[in-house]
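What's counted below: heavy atoms across the whole structure, side chains too, no hydrogens, waters or symmetry copies.
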Number of protein chains: 2
Amino acid sequence: MATQWVYSFGEGKADGHAGMKNLLGGKGVGLAGMTGLGLPVPPGFTLTTEVCTAFYANNREYPPGLKEQVEAAVALLEKRSGKIFGDAANPLLVSVRSGARASMPGMMDTVLNLGLNDETVEGLKTGSGDARFACDSYRRFIQMYSNVVLGVEHHHFEEILEDHKKTSGLILDTDLKAENWQEVIADYKKAVQRHAGKPFPQDVHEQLWGAIGAVFGSWMNQRAITYRRLNNIPADWGTAVNVQSMVFGNMGQDCATGVAFTRNPSTGENHFYGEYLVNAQGEDVVAGIRTPQNLTRAAREEAGAKLPSMEEAMPEVFKQLAAVREKLETHGRDMQDIEFTVERGRLYVLQTRAGKRTARAALKIAVDMVGEGLITQKEAVGRVDAASLDQLLHPTLDPRAVRNVIAKGLPASPGAASGQVVFNADAAEDLAARGVPVILCRVETSPEDIHGMHAAKGIVTSRGGMTSHAAVVARGMGRACVAGAGSLHIDDEKQSMRVGGTVVKAGDTLTIDGGAGEIMLGAVPTVQPGLSGDFATLMGWADALRRMKVRANAETPRDVRTARRFGAEGIGLCRTEHMFFDAERIIAVREMIVAGDEDGRRKALARIAPMQKNDFAELFRIMDGLPVTIRLLDPPLHEFLPKSQEEMAEVARAAGVTLEHVALRARQLHEANPMLGHRGSRLGITCPEIYEMQARAIFEAAGEAQKAGVAVSPEVMLPLIITKKEFTTLKEVIDREAEKARIKTGAKVHYLVGTMIELPRAALLAGKIAEEAEFFSFGTNDLTQSTLGVSRDDAGNFMPDYIRAGIVERDPFASLDPDGVGELVRIACERGRATRPGIKLGICGEHGGDPDSIGFCERVGLDYVSCSPYRVPIARLAAAQAALKGEPLAAKEAAE
Amino acid sequence: MATQWVYSFGEGKADGHAGMKNLLGGKGVGLAGMTGLGLPVPPGFTLTTEVCTAFYANNREYPPGLKEQVEAAVALLEKRSGKIFGDAANPLLVSVRSGARASMPGMMDTVLNLGLNDETVEGLKTGSGDARFACDSYRRFIQMYSNVVLGVEHHHFEEILEDHKKTSGLILDTDLKAENWQEVIADYKKAVQRHAGKPFPQDVHEQLWGAIGAVFGSWMNQRAITYRRLNNIPADWGTAVNVQSMVFGNMGQDCATGVAFTRNPSTGENHFYGEYLVNAQGEDVVAGIRTPQNLTRAAREEAGAKLPSMEEAMPEVFKQLAAVREKLETHGRDMQDIEFTVERGRLYVLQTRAGKRTARAALKIAVDMVGEGLITQKEAVGRVDAASLDQLLHPTLDPRAVRNVIAKGLPASPGAASGQVVFNADAAEDLAARGVPVILCRVETSPEDIHGMHAAKGIVTSRGGMTSHAAVVARGMGRACVAGAGSLHIDDEKQSMRVGGTVVKAGDTLTIDGGAGEIMLGAVPTVQPGLSGDFATLMGWADALRRMKVRANAETPRDVRTARRFGAEGIGLCRTEHMFFDAERIIAVREMIVAGDEDGRRKALARIAPMQKNDFAELFRIMDGLPVTIRLLDPPLHEFLPKSQEEMAEVARAAGVTLEHVALRARQLHEANPMLGHRGSRLGITCPEIYEMQARAIFEAAGEAQKAGVAVSPEVMLPLIITKKEFTTLKEVIDREAEKARIKTGAKVHYLVGTMIELPRAALLAGKIAEEAEFFSFGTNDLTQSTLGVSRDDAGNFMPDYIRAGIVERDPFASLDPDGVGELVRIACERGRATRPGIKLGICGEHGGDPDSIGFCERVGLDYVSCSPYRVPIARLAAAQAALKGEPLAAKEAAE
């Protein structure tokens, strides 16, 4: 049997059906489906995506048989529409549109009103009884066709039109009468001859093939290529082409066009929602020249609008539309976005598809539809975009407010915030202590700024990427952050910053939108979205479906409480170094560092120890028996050192040494590449007294808590391990301190000792390391840095170029690189499990909160993901969705 | 059959034979072998290494049957020696010594003169006719046994002896008479009772078992454990114990003891060589109290010594010894190191083993023995330690000169050099230009110091490791270098450095020994070892045996010529950035960098282009058709930027911009972790004009050379690739320039385009990258840094601790880490070959000159190694040795 290249639809019959999306494209399958459902769809036919593929495979030639099949389809269409293509008396007009498998809105070409020429326009005049309408349609067709098919630029036509208006003394397009349009059409045709080098085609079949070729051709235009790359759409999918009988919503007052949503896409409420315009074409709705009218009376009344709703103006047609709504939602089992046209009192449905919606609406619709028995809980969980939940977890700017945007940067941490500008962390803390909201602006932040970041409502940096220190910490704290706003010139000394001609001084008010990466002058009002009951319901379903646990990266009591509130089932990463930056203890920490010998370090550590112990005690209290993974000190010591002369002098005084000595130590500790330097377990090996102190603090706190009746489950984690021997050497230190604490507190605490896998060697040697390590936690931030050889602090200089050029598909710090970093994770999981079958596996890099990366984690079978507290709900939902995709059969599903 | 735990030897018969080294240990198998050869070996027996293993496996208990076998062996020994163990009249005395498979000199315990007690000492007096000798032997035995077996510290015995001398008014040990020794013995025994808590054992069997236990026990002493770790000797090998009848070289003028080498271990000459002492014990030779006498008359005459040679003093015994020499060398097929004793005119051979030798001697012996038909060429190639060739390729300090060492550092680049101290590169260049030899002293060096390093005879740094910039560059240039001499405090401003109390000023003379890591005050004379004909002969054999090619890492004409002289078969790494630092062009390079836009960069590049082209032209001329791998610009741009205000001002003037602009660019380009920053191919992607200029220079130079009749074989190499797309994007640039040059020069140059594999992701994705890349060169320096997460510039702060603690076995920058980095290399080779079976594979990291790493390269089947010019001969020999080990059967051997 010859290949069927063309699928017709009309009169309640369709060659295609709902299962043919890959072949017919999204639009084509929708038209076939609706026709099959008996909905009033203008008849037409679809050239399949296989035609497109064959076209490109065969040097832009159509496959044999296509021409004949199109001719047959046109004949059938003439029969179904009762009109004749190219007939002067009763002409058939068609639209020619693209329609790929995945929606690519506006990326490809469309031609409307095809079939008009100098003869058929007369038939249209007669048929419509409206000469002006017919002429306007013809000139629109010439303009659109000549642009799309013949490559004549728009401005040539616009100039002709403007000239005509000027010479005729007319202002609006609607002021032009039929005779004016006749003249315009004559000039348009001359322009086509001039710019295209040939006359505008009068042969309607030539028009049709021209338009079909242009639509297939537009699959490979630059815009479409870029869009596909950004959205991971393969080029070999191809597009279909839909040829459909034209209907007109602009033939008089009994005509209309509109868009309807089966439910409210903004709130999710189960109300029919939409807009329409009387006597208009689809483009008019989009163009926004006329104000559309409400669909329903209720909506009109609520809006206090004067113009009648469709329900009131066209009650019969509205009833038909309401029936279409019912049918489409029941059939599509999702909220639909419907395009319709009313021609002379008759309803036509032109398109239907799942409607875009806000996160809030998505939640409500999903939960409601389960209540209505329309979808299952599993389907509901799959319907909500996990990443979009972010919108619900942070305050956002009032969408109605005016924004005076002075600079843009990266949307580093969502949420909106207004406050007074400060340029250093201490000022932020001071002002915040007096109740003043502040925005901390820095060139870039460092661990020393953490108290200021905590105190601030929002953070702005002029340097750094999506995973710069500022971005990571801000996301962790749930602070709004715009990072890497390169046009800002921050001058710390002058306490001001300049952007273009604007100067912003300390004390001025700024607003930032961390979700949009915008920085605005003045205060912009914000709204605080509440977590509705739907949120809790859906998360409950998600929790029941997922296999992986979700933990949080947190260490301060405030963040740990937030994490639990958001549903964290443990702490996956407590960064003990964050506890070192507290103002009280940083001096002791610095004394330890400048000491330069073990004795001096031990003295300073003795002062830090009780504070660390209290930190851990509180952590155990809050987590109440849930596992708490505590990473021992990780950053290089020089990160804690003071930079300014003043601070150095302060440390020198406190430590009883000279300023020169402090400066010398700072120089000694300086590193060319601190990321690859003397940090992590390397500190534990060279200065075992530091890890000893930390282990003692952990186990004394745990023992005392247990004695007092609090369940504890500490997991001690070693950072930056590369050999088994390194691990065993440090595990001995930990076990020794655990034993000492057991004797001291009288409580035997159950604990695990494990390691981060954050360097390629650790991943490769995972089999050896697992002989001793009881758990692995993938530190995919550092693993990405080392595997790709990319420092996240420096990536800003080239990563944007790389993403733009498609050399890397996504920022590897935002979404886990599955081929490089992912392969190492897979290798480590395999080898770790081969040695220790039950080894606990988790991830604690930033990727733990990214839905795609969570999908990867499910596929390699990790036991948990850990992310910043504010991303815990996202991770819970993404984990459930990943389990539903269930490549390694999810345990919970199997048990059902 | 019961396990044989004990192997006897004596009277020309031995239970063991030469194949039993693992069982009998090195000493035991030597004794058995010599006995079997009919040499005069004192009889005895060996407890096997399996006894040791069983002992430790079974909680330090001996295996059943051992006691009976030892008793039987003692009985046989009594029979063979004609003496009775513990007999008061004719006592058998024995030595008890360790003997592992691998030599562990001085690490384990030994007991001599065992079998003496209050009764048998009388028999020894009678038998020897020398009461003083007998008493002295007894007191030595008490002292040694009590120390080794009973744990009584030496100083207790030394104090007793000193007291005796004082009260008796005697000064030297030799002044003591038999009666004095009797008193000393009485006090020794009291001391044993006091400190060991029990009397000195009089039962000779108890003595024997005590000594055997102590020797087995010493296998696990800390010293031995550390030695094994450093030398990769497994603990489960165990040691054997040798019990052997004592012979005495100190019983009178017809007695002697000595050490002989079958050839001269220093020069390799085929002369009998050695020393002996009349009336002495082995320890006396070692102690160096008496000056030993020459073995042969010729040696005595050459040395102008007065005391007679053994040949003259004991002509008969000497003849026997010369016969032993013949027999042992013929049998051992290598130069032997023989220990002998003459007791009452009778020769005993106590030990033989392959003798240690200098590199020069090793070469000569190996080549001579082939000439003598004693060994094959293959064996000769295997006999010379490849790394030791380094001694022959650099000037060395005159070994007879006095060294006033003021500081020690790492032996970063071998060779010796004297010169005036300078503290900056410009001064080095100025002085050197006036013919003054200089030593450049820096805290650390950077690429900007290269001209100074070139000008200097030697380089000293106070910071940095074996692979710091200074070390790597110095080795590459063949300059002597002592790196990381931490005790030096260099003060650039004062133009002086301090070490302890010594201050060294600019202009003072220093000498450095780069092979020993020593820094000396003043000029120490050096000697220039010539490359003898033996060197050429052996290298010729090696070249015929090896499978891998050897290339050099070089770019300056001088280094490239050196490389060819040393036998390089191509350039494996031409670092084009080194060509950027030339004084003439650095200004243009800096202009390019500060330009900040493409246009400005192009202008500056146009000035650099002709110079680069000339560089390449000369390279092609020198290499004359051999492959030349040219790596495009690799380091981050900021490495080229000036640091001082003055230099910045100079650049600003040259580029016509403000000083502020230059400072701003420097700040913009600053990176937190430059190793993981905007460098390598990332520069090629963001600033394609740089690679365009370099490619154009390469292909125009190559085309013109070819046109002029010079064969050229350029291989263009992209650094720091992590994705295939990155590679193809840049390969297009290169191919385009090649095509342009073809048109311009009219010569079609054959070339390859390939990539460094120097990041884990590149290794993992090697299969994809090989779809486009025509060769891989493993950049194992960077691959080590990224795989281990260790910056070589910062490793100095913890790597020494790691090596000391055995956490890493060897500096991973000196010798390739086979488990981590090596696994990635293996993966990349496999995947690369799977995609492109014939893909050319090489290594161009520092490891390319390390014999162990070269062995690894052979095993994974690389096509070539590339190393610094001065290591080319080492690599040639190591490659041949690796091929001989031939795990993947070496092609040349199979063809033979």
Side-chain angles (χ1 to χ4, degrees), chain A residues 443-444 463 636 667-680 682-683 685-686 720 722-726 729 758-765 768 782-799 801-802 805-808 812 817 819-821 823-824 827, chain B residues 443-444 463 636 667-680 682-683 685-686 720 722-726 729 758-765 768 782-799 801-802 805-808 812 817 819-821 823-824 827:
Chain A
V443 174
E444 55 194 344
R463 194 151 64 198
R667 274 204 307 281
Q668 284 175 342
L669 291 170
H670 170 80
E671 294 187 306
N673 295 285
M675 187 54 59
L676 309 175
H678 190 184
R679 49 173 288 235
R682 297 162 193 176
L683 289 171
I685 295 287
T686 55
L720 217 74
I722 50 173
T723 80
K724 179 187 160 191
K725 183 83 189 283
E726 205 178 15
T729 304
E758 51 185 337
L759 290 170
R761 194 180 202 275
L764 295 166
L765 276 283
K768 288 294 284 178
D782 277 15
L783 193 58
T784 300
Q785 297 196 91
S786 48
T787 304
L788 275 64
V790 173
S791 155
R792 67 182 185 188
D793 292 324
D794 304 315
N797 284 329
F798 56 92
M799 198 50 82
D801 284 355
Y802 266 56
I807 293 173
V808 301
D817 155 36
D819 300 330
V821 178
E823 167 127 24
L824 286 174
I827 288 173
Chain B
V443 174
E444 54 195 347
R463 193 150 67 197
R667 273 203 310 280
Q668 282 175 342
L669 290 170
H670 169 81
E671 294 188 307
N673 295 284
M675 187 54 59
L676 310 175
H678 190 184
R679 48 174 287 234
R682 297 163 193 176
L683 289 171
I685 295 287
T686 56
L720 217 73
I722 51 172
T723 81
K724 179 190 161 192
K725 183 82 189 283
E726 204 177 15
T729 304
E758 52 184 336
L759 289 171
R761 194 180 199 277
L764 295 166
L765 276 284
K768 288 294 285 178
D782 276 14
L783 193 58
T784 299
Q785 296 196 91
S786 49
T787 305
L788 275 62
V790 173
S791 155
R792 67 181 186 190
D793 292 324
D794 304 315
N797 285 327
F798 56 91
M799 198 50 84
D801 283 354
Y802 267 55
I807 293 172
V808 300
D817 155 37
D819 300 329
V821 178
E823 165 127 26
L824 286 174
I827 288 174

How many angstroms lie between [atom1] in [X] and [atom2] in [Y], if you round to the nearest 0.5 Å?
| X | Y | atom1 | atom2 | answer |
| --- | --- | --- | --- | --- |
| A:T787 | B:R761 | OG1 | CZ | 9.5 Å |
| B:H678 | A:F798 | NE2 | CZ | 7.0 Å |
| B:S791 | A:N673 | OG | CG | 4.0 Å |
| B:Q785 | B:R792 | CD | CZ | 5.5 Å |

Taking [options] one by one, which has the highest count of heavy-atom pairs under 4.5 Å against chain B?
| options | value |
| --- | --- |
| A:D801, A:L720, A:N797, A:L765 | A:N797 |
| A:V821, A:L759, A:L669 | A:L759 |
| A:G796, A:G806, A:S786 | A:S786 |

Heavy-atom contact with chain B under 4.5 Å, split by part of [X]:
| X | result |
| --- | --- |
| A:T729 | side chain |
| A:A795 | neither |
| A:E758 | neither |
| A:E823 | side chain |

Partner residues of B:D782 under the salt bridge (charged side-chain N to carboxylate O under 4.0 Å, His left out) criterion, sequence neighbours left out: B:R679

Side chain, backbone, both or neither: which part of B:A805 has a non-hydrogen atom closer than 4.5 Å to chain A? backbone

Tell me, side chain or backbone of B:Q668 under 4.5 Å from chain A's heavy atoms, or both, or neither? backbone

What residue in B:L683, B:V790, B:T686 has the most heavy-atom pairs under 4.5 Å with chain A? B:V790

So, B:E726 side chain and A:I807 main chain: donor-acceptor pair closer than 3.5 Å or not? no

Which residues pass the side-chain contact (heavy atoms from CB on, under 4.5 Å) test with A:V808, sequence neighbours left out? A:M799, A:Y802, A:I803, B:T723

